Amino acid sequence: MSHDIAGLMAALPDIAWITDPALVRQKSRDFFWYSPVLKRQLNGAKGDAVALPRSEEEVIAILAACHARRIPVTPRGAGTGNYGQAMPLEGGVVLDLSEMNRVLWARPGLVRAQAGAKLLEMDRHTRAAVGGELRFHPSTRRTATIGGFIAGGSSGIGSCTWGILREPGNVLGLRVVTMEAAPRVLELRGTEVEKANHAYGTNGVITEVELPLAPAEDWVDLIYGFPSFMDAARFGDALTRMDGVVKKLVCVLDAPIPQRHFKAYEGLIPEGEAVVLAMLAPPYIETVAPVLARHKGVERWRIRTEDAAVPAYEHSWNHTTLQVLKTDRSVTYLQTLFAAPGHLALVEKMHAMFGDEVPMHLEYVRFGGEVCCFGLQLVRFSTEERLAEIIRLHEEAGAPIFNPHAYTLEEGGMKHVDATQLAFKREADPLGLLNPGKMIAWDDPDWTPARPRKVYLFGEAPEAEEVLE
Ligand SMILES: Cc1cc2nc3c(=O)[nH]c(=O)nc-3n(C[C@H](O)[C@H](O)[C@H](O)COP(=O)(O)OP(=O)(O)OC[C@H]3O[C@@H](n4cnc5c(N)ncnc54)[C@H](O)[C@@H]3O)c2cc1C
């Protein structure tokens, strides 16, 4: 599809543009290659030019000019999404928000920032200004933007205490620019934030975010070793339930993931041991010791998170897969919900069913107020057919998969694109120019998934309450 990019750039001479083909290609890509399926499907996706707005006025000018010329616009933060969320499927403009990166203000317990602010920079700012830090962040803390996290991510380090992005109160306000002839600026607050939360930028460009803060801590990374994977998984559950213990990470990894693939931990963990990677506030480490002993665990390593060459959080969440890919390119992964209350029994069942074909990796979270775990299991990839079968077998066993091998909101399965979502898309992007191809309901409102979903991470399915009960 050819777009009038020359006309667009001539109309907006003051905008910073990138047109160098190699750079445009680079800024049209994200971590889609994590998935062998997406790698095949999306490798050719590329925008025509990249625009780098420095202010909301420039965002408005770009959206209005693109709307007038029917040019698609795909918002972009740092491009660390791993389902091809930020990849332009129909060319057009990649709208890179990384220049809009200021923290606007910090107050006790609250922060407001521009969408392109980096998570690490936000934490540095709020720690110094008000002794606070983000409640949770993805493992890409050093690179990702806050707008990209809210529009394309879900959960991360801190979710064992605070839940995930969808929990009411975790996102307080979003300022969004619509894609219309005369773009409007909307401030979404309360439940309204759900419209743009995890919507892949399909219904507006987020320019500012307002978030709650947790008290900043001098976090300590701990590695606990266990004789078996289920000992580690049960300890992870017990630790997450210790509500008086201030914690940020409870990550469970089966052997030989850390021994074989984590260079920074070389020699620290005996062969055959499963581990829990934890981040605790210093006063609580001794409180955990008796519970650790009860679960046959041994402390193998501790270091201030600040002092670690590679922090524990960069071995957790989706960084586990990244660390493994550094030494074994044949591996891919799953994203699974092991819902309460039967999560441990289901984990044990799936561990026995797949063995070393699906090495276990769990992240403990609070989900809908319950302690349970997400699986980010590795998969020793053989064929796309076998991958689909592994996904089907999990779902049939009662462990829904948020498919990281699909690039649409619906097939990814995290977001329920309901009537409210669709109505907001019609209002905010009536021509369907924002990140086209990512919301199936826009192109085909009657589409239904092959296997009906009972639970979503964002947006309630009518059945969701039943599943969580
Ligand atoms: C190694 C690795 C580890 C990861 N760990 C985690 C994790 O722990 N938890 C997690 O949730 N995710 C994780 N992810 C996925 C990803 O890093 C996060 O979702 C991240 O926060 C995305 O931020 P970004 O700035 O890179 O966004 P991008 O990848 O640039 O964009 C993500 C999506 O948001 C849209 N978007 C970006 N900015 C805006 C905006 N201002 N307005 C509207 N739409 C916008 C894009 O169009 C795209 O659809 C990981 C990915 C990798 C590669």
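When a residue number appears, it is its place in the shown sequence, counting from 1. Heavy-atom basis, side chains included; hydrogens, waters and symmetry copies ignored. These numbers were taken from a predicted model, which means no experiment stands behind them. In listed order, ligands and their atoms are each counted from 1.
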**Request:** Check whether any side-chain heavy atom of Leu213 sits under 4.5 Å from a side-chain heavy atom of Arg135, and report yes or no.
**Result:**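 Contact flag for Leu213/Arg135 side chains = no.
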**Prompt:** Can you list the residues that meet the ring pair (Phe, Tyr, Trp, His ring centres under 6.0 Å) rule with Phe136, with sequence neighbours excluded?
**Reply:**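 With sequence neighbours excluded, Phe136 shows a ring pair (Phe, Tyr, Trp, His ring centres under 6.0 Å) to no residue whatsoever.
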Output side-chain donor-acceptor pairs under 3.5 Å for residues 143-151, partner residues at least two apart or in another chain, one line each.
from, atom 1, to, atom 2, distance (Å)
Thr143, OG1, Thr140, O, 3.3
Thr145, OG1, Gly148, N, 3.0

**Residues that Arg380 engages under side chain to side chain contact (heavy atoms under 4.5 Å, CB included), provided they are two or more places apart** =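 Testing Arg380 for side chain to side chain contact (heavy atoms under 4.5 Å, CB included), a comparison that skips the adjacent residues, returns Arg260, Asp328, Val331, Asp356, Pro359.
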**Request:** Any chance you could measure Gln114, atom CD, to Met100, atom CE, to the nearest 0.5 Å?
**Result:**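 Spacing of CD (Gln114) from CE (Met100) equals 4.5 Å.
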**side chain to side chain donor-acceptor pair (under 3.5 Å) between Thr336 and His394, intermediate numbers included** = CA-CA 8 Å; Thr336 313; His394 275 80; 4.9 Å; no
**Per-ligand residue contacts, ligand 1, heavy-atom threshold under 4.0 Å** =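 Answer by chain and number: Phe31, Tyr34, Pro75, Arg76, Gly77, Ala78, Gly79, Thr80, Gly81, Asn82, Gln85, Ala86, Leu97, Ala115, Pro138, Ser139, Thr140, Ala144, Thr145, Gly147, Gly148, Phe149, Ala151, Gly152, Gly153, Ser154, Ser155, Tyr200, Gly201, Gly204, Val205, Ile206, Trp317, Asn318, His319, Leu322, Asn435.
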